[in-house]
Structure formats: C-alpha cells, structure tokens
Amino acid sequence: MSHLRFKQIEIALNREPFDVKPPHPDPTVYFGQHVFDQKKMATYLPRDAYEELTAAIKGKRAIGRELADVVAQGMKKWAMDNGATHYTHWFHPLTDGTAEKHDSFIGYAPQGKGIITDFSGKLLIQQEPDASSFPSGGLRNTFEARGYTAWDISSPAFIHNGALCIPTIFIAYSGESLDYKTPLLRALNCIDRAGTKVARLFDPQVQHVISYLGWEQEYFLIDEALFAARPDLVMTGRTLMGHESAKNQQLDDHYFGSIPMRVQRFMEDLEIECYQLGIPLKTKHNEVAPNQFELAPIYEEANLSNDHNLLLMKVMAQVARRHKFRAILHEKPFAGINGSGKHNNWSLGTDTGVQLFKPGKTPMQNLQFIAFIAATMAAVHKHNDLVKASIATANNTHRLGANEAPPAIISIFLGRQLSKVIDQITGHQQADGQIMFSAKEGLNLQMAQIPEILLDNTDRNRTSPFAFTGNRFEFRAVGASANCASAMIVLNTIVADQLNAFHQAVTAHLEQGDTLEQAVMEQVQQLLTQAKPIHFDGNGYSEQWPQEAASRGLDTENSVPRMIDAYSTPKARALFERTHVFSQAEIKARSEVKWETYCKKIHIEASVIADLTQNHILPVAIRYQNILLDNVLKLKALGKQSSTSPVNVTIEHIAENITGIDEHQRLLTQAIEHAMAQPDSRLQAFAFASLVVPHIDAIRHHVDALELLVDDEMWPLPKYRELLFIR
Ligand code: ADP
Ligand code: MG
C-alpha cells in the first residue's frame, strides 16, 4: 500500500478555506499602498525635487547625481515608514522570473560613530551585482563577470517582502543587455518614435505613441500535499507521467463555473496583495481545464504592465503557499487537457487619447485606423517566423502545434467585419452594390462606415494565435510562464520598422503632390495586398491548415530549437540593426541562451523521468507482478489455472511495459550522450529535440499503461484525478 499517496490525499481532502480580510472594504483606500507613486513622491520629496523627478519620468530623461541623492533619501524614509529594512535592484535576467539581492539600509556613521541607516543616490541609480551566475550566452566570461543594474525611472519602486524594490535594467560592462527590460525599453522607444511620425500625419498635436499591454494569466492550482508527492511537478513544473483521468474537461463544466471556496479565498488574498502593489487586477474566472484558472488586469503601458506581470507571478506563488496550494505556471503541466497561456493583448495609443486600433468617428480617424492595422499585418506577415520565435521555449513546445491553441503557425484573425473592409480596400470584394474603396474616389464615404460595421465585431476564434478583438490584437501564443517582454520586444520592433517605412513612402507621395488620403490609401492597399497570406479566419487546428499555410509561404517549422534560427536570418539581423533594438552580439547571445535553456530543461526532464521510473514505478510494477505470479502458482496447485486467464494476460502486459521502459531508458541515455557531444548549443538543442524527447515520451507511454494495470493501492504517485479534482 502506498502510504505517502493516501496520506497526502487525506490531508488535501481535509483542508478548510483560509479566512481573508481586506485592509479596508474600499480597495481604492489601499490601492498602490506599497508603491512609491506620485502621491508618495509629493509627500516624501522636497517640492523642487518632486517636480524635477516628475519631469524626468515624463521625458524619460536621465537624472543627475544630486537629484538622485534627494530622491534616495525620500524613498528610504517612505520605505522604512512602511516596514522595509532592505533595498534591492529588481531586474529581469534571461531566466524565468526576476532577480534581487537584498541589502540592509544600515551602515557605519562617519568616523565610526555607531550605526545609521543610509541609502545614497549612487546606490539608487546603479549597482554592480555579480553577473557571472546569470545566463549571458557567452557575452562575458566569468573572469570579467561584472555587469551593472541601472534604475528604470519609468517604473515606480515598490515594497515587497520587506524590501524596497527598484526596477532596473541589467547590462554587461561592455554595454550589451543581459536582461529583457533593456531591449523592451528600446523597442518601446522605437515604436514611440515611428508611431508618432505616422500619427502626426493625421494630427500634428501628437507627441507620443504608447504601446499598451493587457495580459491574461492562466494557471493551475494544485494542493500542496499532492504536489509534494509528485517529484516531477516539483522538479520540472509538469507531470512527466500520469494517465488521463476518466473525466477531465470533456463536459466543459469547469469554464466560468462557480469558483471553489478555497480557490476563491486564494484569489481574494492575491487581489489584495496585488492592489497594494498597484497591479490593477480586474477579471478572474475558472478556465477550461479542471483546477485551471485565469486572471487579467486592466491594461497598462507595456513596460509597467510587464513589470506587473513578473511581480504577479511571484506574489501568486507566495499567496498560493499561504493557502496550501502550489500555483503551476508551466505551459503544459498535464497531458491530455489544456495547457496555460498568457494572452498578450496589445494596442497602440497616442498621448492625445486616441486608440489607434479602434475605428474613430471621422473618415480621417478611420484612415489612420486602417493605416495602423495595415502596418501591423504587413509586419507580422513579413516577420511571422520571428514572431513565433519570440514565444518558442521548451515549455511552450507542448502547446505549439499540439492540437491546442495555438498552432505552430502565426496567422492573423480579423473577424468577418474587418475582413470585409479589408477585402473591399484591396479590391477583392465588391461591397453590395457600393463603390469599392479606392485611392482616388469614394474614400470619405466608405471610411465613415467603418465604425458602424465594426460595432458588432464580436466573433472570436480560439484557434488563432494572433487575433484582432475590436480595439487591440490578442497575441495568444505567449506561454504562461514566459516573460511577456520577449513577445513585446519583437512585436513592437517589427511594427515600428513597418511604420517607419510607411511614413517614408507616404511622405514621398505627399512631396509629389498627392493628397494625404491618396498617399495613405495607396500605401494601405499595397501593404494589405502584400500581407494577405497572413490573414486566416479559419480553423487553425484543422489538418489542412499547415499545408495551406506552407503554400502561402508562412513559416510552418514546429521544432522549437529550429524556430530560434529566425532571430539570426539576414532579414531579422537587418531589422534589429536598423531599429537598434539588438546588436549582432546580443542576437547571438540571446539565441545561445534560448538553446542552452532548452537543452537544460529537457535534460532535467530526462533525469527526473529516469529516477521516477527506476525508484518509484518499476519496483511497484514488479512487486505487483510477483503477487500475480504467486496467485497463478496457487491457482495451478488447485488445478484451476489456464494460460489465457485475465491474470496471465495482465502479467504479460506488465512484462511488456517493463521491457519497454528498460529499452527506452537505455536509448535515452545514449541519446543524451550523443546530444551532449554536439559541438555547439544550437546543435545540442536540435539533438535534444529530435533524439532525446521521443524516448521521454515513450517511457511515459509505458508508465501510463502500467498505471492502469497495477493495483491502485500500490501506485505511489498521486493520479491525475486526485491532482485535478481535489481542491
Ligand atoms: P477575454 O478573455 O475576453 O479576451 P479578458 O477580460 O480576460 O478578455 O482580458 C482582456 C485583456 O485585454 C485585459 O487584460 C484587458 O486589460 C486587455 N485590454 C483591453 N483593452 C485593451 C487595449 N486597448 N489594449 C491592450 N489591452 C487591452
Ligand atoms: Mg480571458
């Protein structure tokens, strides 16, 4: 009898929901309580320092040493008033998650006169954490390990776990970025400049274009006791074995169902902490799979929104523990049921308050709307391989092309209404007796109709990786555990690049005497015609789609390590060079890190599955087989046994699966050796994907078969039905 499994089940079954008490019934009273926001700046900084800092944040200018000292003093006072004892630069290395190193505020007073608390502008602005233990893709050798972090003033400092956290970028001494934030800020800057140029064609008042991000975070909650009895979940974040439970999501009874009480309390608790940290959570609900949930905030400027997502993932893990759950952010923790994504809702807006992906009230505004849609479509079309590479990770492999959103092909869903508008503009469809859109005539009338036709644009397509949803694009292929920055860097860069080209072409037409309408329409038609292959409103899961996509010239590569090559094609290199988002060295380094990470994750999975089968599964299977053999002998003694009896068949099946495990275990070891012997990380990753992964899958197949054969009382690991239905 498996003592641990049944003990853990009993613990999990007997849990009670924890009580949660908000600090105040009205969340606006404590929203942003732990954030050094405008209000706290005004209170804790002298007036002129406050004004200078506000101006610097708005203009994103660097701040001088003197101002930094004053700000540091104010921040320290506020932090200590609110219980913080330490400070840390908070940054996003090229691993999953964030990094921090806490330093206490204490220091010696001058001339050894006792202990004081101190925090200087120098420490606020810049630090030098040892960079040697973070992935750098060969950008620095360990003997020149120095890297430095520098304050990102556009994202406010906050208090978490008793430390004042200062959002920072992380770069090598040679100047190359070692993090996600640096290139994200570059890309956002890029789209600001390019977008502004184009928006100013329509409204000279525009000074800035802002990129917005609203993420939807999917996750699983698993009881802590059951989690602890699954070494694969603990070590790799996903189950490497486990037979599907008889009931999972077929009845569609979980999505939007009533939230279980323990989960409800967890969500309330999480919401309170997030509000205190200024994260504007808005929506929460059950997701499609059992024990799967989702939450989403109100969208924000992309850099801040991404910081908030990274912070949320941390806070979620902590709050889950408080409620005796583990939050699972892996993209595919359970085979056979939906995995978890992080839809990135993305849009652009002007500082004059115009949402650029939302149809406007005047023909001019609609012309602008169509221009931005066309530029986005053209960019995603041209760089669909790179867009896919931006979300390609070992974890996300199981979602991509695995018969679940999204397929490993990037296409854009527009919906019936916008498709119709675009078909009319490109002349593919004659509107019911109306004149078609054209650069020369009838434009105003037609453009004025866009908002009306889009009003009832409510159709959705869950199979599309990139969908227009009325006022934004929803990039659905992003993985649940990913740093959104990876996707946001690529998306903003490619669209910025396209907008630059668009502006140049339109300006040339204007110089030749075309009207703005003519010039824009000409370009829009050209871009939409070019980008036509990326537009696909059909079923992304259908068997025909990959073939059709290939005939349209879209990238259909479905091996993750090979997708990463898209970063270093001549096309991508030129793009990053033009836009200054990545240097050549950075592209190389990042690709290295992606391949290395891929190899490490698969290697860990291989080791864990080997240990589990050897130490947990095989001993039990053999013990059970012996019991059956014993039974056969006893029956034989009674003269009651034939070789075709069910017991004999079961013994046979157990033996086959044990042999299968042995066989694939041997091949797995060989495959790993072969992969590790490859000369570089790219080839290693290719080998891990094509040679190692199939044996991991095969071992799993045999273990899952054993799970159905072996006595339930003896099975050592909590089963899917227990992991997914106890809460
Ligand atoms: P659904 O599941 O129907 O797609 P949700 O309400 O779960 O919708 O999530 C929608 C997400 O889109 C939220 O994060 C929301 O803030 C974000 N969002 C809404 N409008 C915009 C916009 N204009 N730009 C960026 N994100 C947006
Ligand atoms: Mg949603």
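Counting starts at 1 for both ligands and their atoms, in listed order. Owing to the predicted nature of the structure, the values given are computational and were not obtained by experimental measurement.
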(request) Could you pull out, from Tyr299, Trp346, Tyr212, Trp215, the option with a heavy atom nearest to atom 27 (C) of ligand 1? (result) Tyr299

(request) Using a strict 4.0 Å threshold on nitrogen-to-oxygen distance, state whether Lys40 and Asp37 make a salt bridge. (result) yes

(request) Using the salt bridge (Lys or Arg N to Asp or Glu O under 4.0 Å) rule, collect all pairs that involve residues 481-501, keeping only residues at least two apart or in two chains. (result) Asp497-Arg578

(request) Please name the residue in the list Glu331, Lys332, His330, Gln292 that meets the side chain to side chain donor-acceptor pair (under 3.5 Å) test with Ser340. (result) Gln292

(message) Tell me the contacting part of Glu294 for ligand 1: side chain, backbone, both, or neither, using a 4.0 Å heavy-atom threshold, strictly below.
(response) side chain

(request) Please confirm whether Lys358 comes under 4.0 Å of ligand 1, counting heavy atoms of the residue only. (result) no

(request) Select one of side chain, backbone, both or neither to describe which atoms of Lys282 lie under 4.0 Å from any atom of ligand 1, heavy atoms only. (result) neither

(message) Can you confirm, on distance only, whether ligand 1 has an N/O atom lying under 3.5 Å from any N/O atom belonging to Ser347?
(response) yes

(request) Going by the ring pair (Phe, Tyr, Trp, His ring centres under 6.0 Å) test, name the single residue among Tyr212, Phe357, Phe466, Trp215 that passes it with Trp346. (result) Phe357

(request) Examine distances only and state if a side-chain atom of Asn303 and a backbone atom of Leu184 form a donor-acceptor pair shorter than 3.5 Å. (result) no

(request) May I ask you to list the atoms of ligand 1 that are less than 4.0 angstrom from any heavy atom of Gln355? (result) 23 (N)

(request) Inspect the surroundings of NZ in Lys358 and state if more than 12 heavy atoms from other residues, nucleotides or ligands are less than 6.0 Å away. (result) no

(message) Judged on heavy-atom distance to atom 15 (C) of ligand 1, which of Ser211, Pro297, Gly470 sits nearest?
(response) Pro297

(request) List every atom of ligand 1 that sits less than 4.0 Å from any heavy atom of Ile298, numbering the atoms from 1 in the order shown and giving each element. (result) 16 (O)

